[in-house]
Amino acid sequence: MADRKGRTAARPTTPPRRIAVLGAGSWGTTFAKILADGGNDVVLWARRPELAREINEVKRNSDYLEGINLPRNLRATSHLGDAMRGAEQVFVSIPSQTLRSNLEAIAPHLAPSMILVSLMKGVEKGTGLRMSEVIAQGLPIEPERIAVASGPNLALEIAREQPTAAVVSSESLETAQAVAMAATNRYFRSFVNTDVIGTEFGGVLKNLIAVAIGIVDGVGYGENTKASIITRGLVEMTDFAVAYGAEAVTLSGLAGLGDLIATCESPLSRNNTAGRLLGQGYSFNDVVKQMNQTAEGLASVAPILRLAEARGVEMPIVRQVSQVLAGTLDPKDIAPHLTTDDDEPQGERTTDDGQGRSRTSVWRSLKRAFDQLRDGGGSTGGDRS
Ligand SMILES: NC(=O)c1ccc[n+]([C@@H]2O[C@H](COP(=O)([O-])OP(=O)(O)OC[C@H]3O[C@@H](n4cnc5c(N)ncnc54)[C@H](O)[C@@H]3O)[C@@H](O)[C@H]2O)c1
Ligand SMILES: O=P(O)(O)OC[C@H](O)CO
């Protein structure tokens with residue numbers, strides 16, 4: 001504000017927030033750039049000293065973000081303790097299956113007021129736990145200090161400073177807001193919510209649908225097939241997440257529909273790419289060998305199907321992805337099945353029969369169990385209609 005002589009009062013300056021980002025792959029490095037470009041004091045932890053050196057000396061991460069110049073104020077280290085010392089917020093971006101073992105190394109450096117933010121989009125294979133749940137189990141930290149960030153966030157596009165939005169979620173709105181404030185700059189905007197379950201599952205489930213899209217792309221099917229799978233996939237995502245306590249509206253937001261569109265449409269997506277290789281006829285093992293970056297969807301399929309079964313949620317598309325991965329379904333036979341075991345047409349919404357009559361997935365599970373008993377415990381015909 002100007003005084004009567006037109007002089008502008010100096011704004012009170014707050015020191016930049018100290019922030020640590022753990023994991024210098026494509027997303028960790030990009031997120032560190034987002035935070036540094038937002039005026040924060042960021043230290044990025046890289047496992048390999050030579051990568052930390054490259055980031056510090058030439059402001060590049062040539063392994064993961066070719067051609068991207070990193071901010072001058074971004075520092076890197078291969079010492080976890082140095083990265084975390086004094087940090088208000090610690091963002092974690094490593095493959096989901098490695099989180100639990102890394103928490104043992106993180107624990108000694110955890111300070112009482114630190115906020116932990118998961119940037120990861122997978123569930124733990126053995127337990128089916130979301131990343132925020134693994135953090136809560138593995139560290140002495142209250143849920144109010146845990147947050148997750150998700151959304152349509154293809155790393156390379158953001159590293160090129162293309163305008164993008166994300167959502168930060170925490171049980172504590174205050175925590176979500178503090179993280180969103182830090183993770184906002186001229187090309188990146190963070191919204192907030194308190195639906196951690198919906199936000200996290202959105203990021204996990206869209207990967208599985210993106211694998212399906214990659215598969216049909218690899219086969220050579222066109223836009224009708226893809227649009228059908230995306231639309232029916234969103235129904236599966238929503239049914240599943242709601243069954244686990246999410247709010248349906250979250251799945252139609254950035255962390256659900258938004259991320260589903262980005263991941264299904266982009267050749268930059270590793271999940272989409274993995275699916276395309278499967279659709280082109282490569283085996284699961286060949287695909288894993290060819291992927292030199294993390295495609296979370298491949299490890300999440302089995303635990304998600306187990307969780308779906310436990311709550312009576314039908315996920316025909318995800319089930320077909322698991323069959324293609326197992327080599328038991330020809331990629332060209334993948335289809336946006338409406339249901340796995342009903343012969344008669346059903347309503348587009350899983351909770352009705354087309355005439356508004358209630359017809360829940362629990363009902364269908366019971367029917368399937370009954371059919372199995374009637375047929376002597378044999379298969380009801382799998383997922384093919
Ligand atoms: N890349 C994206 O566009 C993007 C966007 C949003 C979310 N994510 C999520 O971020 C997470 C990380 O993905 P990414 O794209 O950075 O993967 P990446 O493959 O590019 O990098 C993974 C990083 O983790 C490190 N790492 C591998 N094994 C490790 C271990 N055992 N212990 C510690 N560190 C290990 C690697 O050295 C590398 O730095 C995933 O859950 C992914 O779904 C990625
Ligand atoms: O490359 P993917 O398939 O891991 O997707 C990256 C991000 O999750 C897109 O939001």
Side-chain angles (χ1 to χ4, degrees), residues 21-34 44-52 54-55 61-66 68 76 78 80 83 91-106 117-125 130-132 134-135 148-160 162 164-168 183 188 190 199-214 254-277 287-288 291-300:
V21 177
L22 312 184
S26 51
W27 190 222
T29 307
T30 300
F31 217 90
K33 172 172 159 46
I34 291 168
L44 175 61
W45 173 71
R47 275 196 306 175
R48 287 176 295 128
E50 61 275 21
L51 179 55
E54 185 193 16
I55 293 170
N61 180 342
S62 47
D63 284 351
Y64 290 100
L65 292 176
E66 215 186 326
I68 300 295
S78 57
L80 192 56
F91 291 74
V92 188
S93 185
I94 55 178
S96 298
Q97 307 313 323
T98 75
L99 175 63
R100 194 175 287 273
S101 57
N102 275 287
L103 291 178
E104 286 169 25
I106 289 171
V117 189
S118 164
L119 298 177
M120 298 160 282
K121 293 180 177 173
V123 287
E124 195 176 45
K125 243 185 189 169
R130 290 174 283 111
M131 292 300 100
S132 67
V134 176
I135 291 171
V148 303
S150 200
N153 295 162
L154 295 153
L156 195 58
E157 289 186 7
I158 300 170
R160 290 177 178 150
Q162 297 177 12
T164 303
V167 61
V168 175
F188 194 84
S190 293
T199 304
E200 262 185 320
F201 273 141
V204 173
L205 296 166
K206 63 84 191 179
N207 284 337
L208 309 183
I209 306 303
V211 175
I213 291 294
L254 289 164
L257 178 61
D259 205 358
L260 183 64
I261 294 171
T263 316
C264 289
E265 279 198 338
S266 176
L268 287 177
S269 156
R270 287 84 43 94
N271 289 290
N272 194 328
T273 303
R276 201 160 39 251
L277 292 170
V287 172
V288 171
M291 301 295 300
N292 51 11
Q293 290 189 19
T294 312
E296 292 280 14
L298 303 179
S300 296

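Just so you know, ligand 1 is whichever comes first in the structure, and atom 1 is the first atom listed for that ligand.
Under 4.0 Å from ligand 2, not a single heavy atom of E296 appears. Contacts with ligand 2 closer than 4.0 Å are made by backbone heavy atoms (N, CA, C, O) of P152 only, the side chain lying farther away. When heavy-atom distances to ligand 1 are checked against a 4.0 Å cut-off, R270 comes that close only through its side chain, counted from C-beta outward. Looking at S26 against ligand 1, both its backbone and its side chain come within 4.0 Å, counting heavy atoms. The proximity of K121 to ligand 2, defined as any non-hydrogen pair under 4.0 Å, is limited to the side chain.
Atom 5 (C) of ligand 1 has its closest protein heavy atom at N153 O, 3.0 Å. Given atom 3 (O) of ligand 1, the protein heavy atom at minimum distance is A155 N, 2.8 Å. In this structure, the protein non-hydrogen atom closest to atom 12 (C) of ligand 1 is S93 OG, 3.5 Å. Ranking the protein heavy atoms by distance from atom 24 (O) of ligand 1 puts P95 CD, 3.2 Å first. Looking only at protein heavy atoms, the nearest one to atom 27 (C) of ligand 1 is R47 NH2, 3.3 Å. Looking at atom 43 (O) of ligand 1, its nearest protein heavy atom turns out to be E296 CG, 3.2 Å. Nearest protein heavy-atom contact of atom 17 (O) of ligand 1 is T294 OG1, 3.2 Å. From the protein, the heavy atom lying nearest to atom 38 (C) of ligand 1 is Y64 OH, 3.5 Å.
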Under the side-chain hydrogen bond (donor to acceptor under 3.5 Å, both in side chains) criterion, do S62 and E54 qualify, and how do the steps go?
CA-CA 8 Å; S62 47; E54 185 193 16; 2.6 Å; yes
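The main-chain N or O of E296 is never found under 3.5 Å from a side-chain atom of Q97 such that the two would form a donor-acceptor pair. Looking only at distances, no side-chain donor or acceptor of N207 sits under 3.5 Å from a matching main-chain atom of N271. With hydrogens and angles ignored, the 3.5 Å screen pairs no side-chain donor or acceptor of R130 with any backbone N or O of V123. No donor-acceptor pair closer than 3.5 Å links the side chain of E200 to the backbone N or O of K121.
Assignment of A210 to the shell around ligand 2 is not supported, since no heavy atom sits closer than 4.0 Å. At least one heavy atom of K206 sits less than 4.0 Å from an atom of ligand 2.
In terms of polar-atom proximity, defined here as any N/O pair under 3.5 Å, N272 makes no such contact with ligand 2. Here's the thing with G122: none of its N/O atoms is less than 3.5 angstrom from an N/O atom of ligand 1. Note: an N/O pair closer than 3.5 Å links G25 and ligand 1 by distance alone. The N/O atoms of W27, backbone and side chain alike, include one that comes under 3.5 Å of an N/O atom in ligand 1. The distance criterion of under 3.5 Å between nitrogen or oxygen atoms is met by N102 with respect to ligand 1.
Those atoms of ligand 2 with a heavy atom of N271 less than 4.0 angstrom away are 2 (P), 3 (O), 4 (O). Interface of D259 with ligand 2, defined as ligand atoms under 4.0 Å from a residue heavy atom, comprises 9 (C), 10 (O). Heavy-atom contacts of N153 reach the following atoms of ligand 2: 7 (C), 9 (C), 10 (O) (cutoff under 4.0 Å). When each atom of ligand 2 is checked for a heavy atom of G151 under 4.0 Å away, the hits are 10 (O). Near L154, with a cut-off below 4.0 Å to any heavy atom, the atoms of ligand 1 are 3 (O).
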